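Numbering of ligands and ligand atoms starts at 1, following listing order. Please read all numbers here as calculations on a predicted model, not as lab measurements.
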Amino acid sequence: MALATITNLHKSFGENTVLDGIDLQIEKGEIVVILGPSGSGKSTLLRCLNFLETPELGVIDIAGQSVDAATSHTKDILALRRHTAFVFQNYALFKNKTALGNITEALTVVKGMAAPVAEGIAMDILKSVGLADRRDAWPSELSGGQQQRIGIGRAMALDADLMLFDEPTSALDPEKVYEVLDLMKQLARQKRTMIIVTHEIPFAREVADRIIFMDGGKIIEQGMPEQVLDAPQDSRTQTFLRQVLS
Ligand code: ADP
Ligand code: MG
């Protein structure tokens, strides 16, 4: 059975239909990259998966926790959220917490761990994101790449079934992009299940099991990286790839 099943997802903002019937299944261990032009609904799709945005219609099932948008209860939404971990474009770190504190927080507040235990685990995660030596730094003292590695560390701490990445490198200086992509490749090797919105095409080619191209709130086409990147079928995919690769 698929790890996640999304059925007939619809979302509008006023008159603007942003998700127009999305159906999607994600297998455990699968790495799915979503491509698409600005405004095509990629962020909204990720945010609807854990009800950061509330869809009007649709059913989301992650790791056996199902929520129907039409009848959703807060309790089920909170339970669904526990199965996901979100990495934001702008890191969304707590500015008044240190590097270590940002990761510890995920463990104490979300997972209910005792502080000493949480700190031990957070320290191991800091090591694996390569920032053990910055444990006491404030976010304002860290580069964008370092802040995003903390953001990813926080998501790792949640140890969720499904990790959601919304353009994790698009706010970074070009020379910092690789350090975040390298960390994500490390997660890919661990077979974490991930949905990644990115415009980094070589990265997508290397790590994705499947690439999905979205436009106008719909999945236009999907397939293995070679299929979608080298032999796109739809003219919208062809145009998009020409633009991002030029
Ligand atoms: P993408 O991530 O592909 O660039 P988004 O999902 O962010 O696209 O946005 C899709 C459309 O939804 C855009 O037209 C955007 O203006 C609109 N939109 C997104 N979030 C909101 C919001 N909170 N309120 C109103 N409109 C929104
Ligand atoms: Mg977006």
Side-chain angles (χ1 to χ4, degrees), residues 4 6-24 26 31-60 62 67 69 72 74 77 80-81 84-93 144-145 147-148 151-152 154-155 162-174 176-177 180-181 184 194-205 207-208 210-223 225 228-229 232 234-246:
I6 296 133
T7 311
N8 195 28
L9 197 62
H10 286 261
K11 174 69 183 171
S12 308
F13 292 105
E15 299 283 279
N16 186 8
T17 300
V18 174
L19 297 178
D20 194 9
I22 300 282
D23 291 298
L24 185 59
I26 311 284
I31 298 167
V32 173
V33 166
I34 301 181
L35 302 178
S38 177
S40 57
K42 306 178 300 293
S43 296
T44 305
L45 172 59
L46 287 193
R47 294 169 62 81
C48 281
L49 292 187
N50 62 3
F51 279 73
L52 283 175
E53 286 303 344
T54 311
E56 281 92 53
L57 204 64
V59 182
I60 295 176
I62 302 174
V67 179
S72 60
T74 307
I77 290 172
L80 182 77
R81 251 174 224 164
T84 68
F86 208 106
V87 175
F88 297 88
Q89 184 173 2
N90 294 315
Y91 334 126
L93 300 182
Q147 290 184 65
Q148 188 58 296
I152 293 172
R154 184 177 54 185
L162 178 60
M163 296 181 89
L164 305 169
F165 294 81
D166 191 3
E167 298 201 33
T169 63
S170 63
L172 299 178
D173 292 333
K176 303 290 185 189
V177 167
V180 169
L181 295 183
M184 292 170 70
M194 308 196 263
I195 305 179
I196 306 167
V197 174
T198 183
H199 295 299
E200 299 289 335
I201 303 295
F203 168 78
R205 183 188 291 278
V207 306
R210 178 166 38 135
I211 291 181
I212 288 177
F213 177 75
M214 279 182 72
D215 196 13
K218 286 186 161 70
I219 294 176
I220 303 299
E221 67 178 291
Q222 55 180 311
V228 175
L229 298 177
D234 193 282
S235 63
R236 288 164 286 186
T237 319
Q238 293 163 0
T239 304
F240 173 80
L241 287 172
R242 255 199 313 276
Q243 284 165 351
V244 291
L245 291 172
S246 70

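- We find the CZ-CZ distance between Arg47 and Phe88 to be 6.5 Å, quoted to the nearest 0.5 Å.
- Using a 4.5 Å heavy-atom threshold, the side chains of Phe86 and Leu52 count as touching.
- For the atom pair CD1 of Ile219 and CD1 of Ile6, the computed distance is 8.0 Å after rounding to the nearest 0.5 Å.
- Taking a cut-off of under 4.0 Å to the non-hydrogen atoms of Thr44, the atoms of ligand 1 that pass are 5 (P), 6 (O), 9 (O).
- By the criterion of a heavy-atom distance under 4.0 Å, the side chain of Val18, and not its backbone, is placed next to ligand 1.
- The protein heavy atom nearest to atom 4 (O) of ligand 1 is Gly39 N, 2.7 Å.
- Among all protein heavy atoms, the one lying closest to atom 3 (O) of ligand 1 is Lys42 NZ, 2.7 Å.
- Considering backbone and side-chain atoms alike, Phe13 places every N or O at 3.5 Å or more from each N or O of ligand 1.
- Here CD of Glu53 is found 11.5 Å from CG of Leu45. Values are rounded to the nearest 0.5 Å.
- Here the side chain of Glu221 pairs a donor or acceptor atom with the backbone of Asp234 at under 3.5 angstrom.
- Only the side chain of Asn16 comes within 4.0 Å of ligand 1, judged by heavy-atom distances.
- Not a single protein heavy atom sits closer than 4.0 Å to atom 16 (O) of ligand 1.
- Considering backbone and side-chain N/O atoms, Gly41 comes within less than 3.5 Å of an N/O atom of ligand 1.
- Heavy atoms of Pro37 approach ligand 1 to within less than 4.0 angstrom.
- A heavy-atom distance below 4.5 Å is found between the side chains of Leu241 and Leu35.
- Closest protein heavy atom to atom 7 (O) of ligand 1: Ser43 CB, 3.7 Å.
- Protein heavy atoms come within 4.0 Å of atom 22 (C) of ligand 1.
- Distance check for Ser38 against the Mg ion (ligand 2): none of its N/O/S atoms falls below 2.8 Å.
- Atom CG of residue Leu164 and atom CG of residue Asn50 lie 6.0 Å apart, to the nearest 0.5 angstrom.
- Put simply, part of Ser38 is less than 4.0 Å from ligand 1, judged by heavy atoms.
- Thr54 OG1 to Lys11 NZ: the interatomic distance, rounded to the nearest 0.5 Å, is 5.5 Å.
- Put simply, OG1 on Thr74 and CZ on Arg81 are 9.0 Å apart, with the number rounded to the nearest 0.5 Å.
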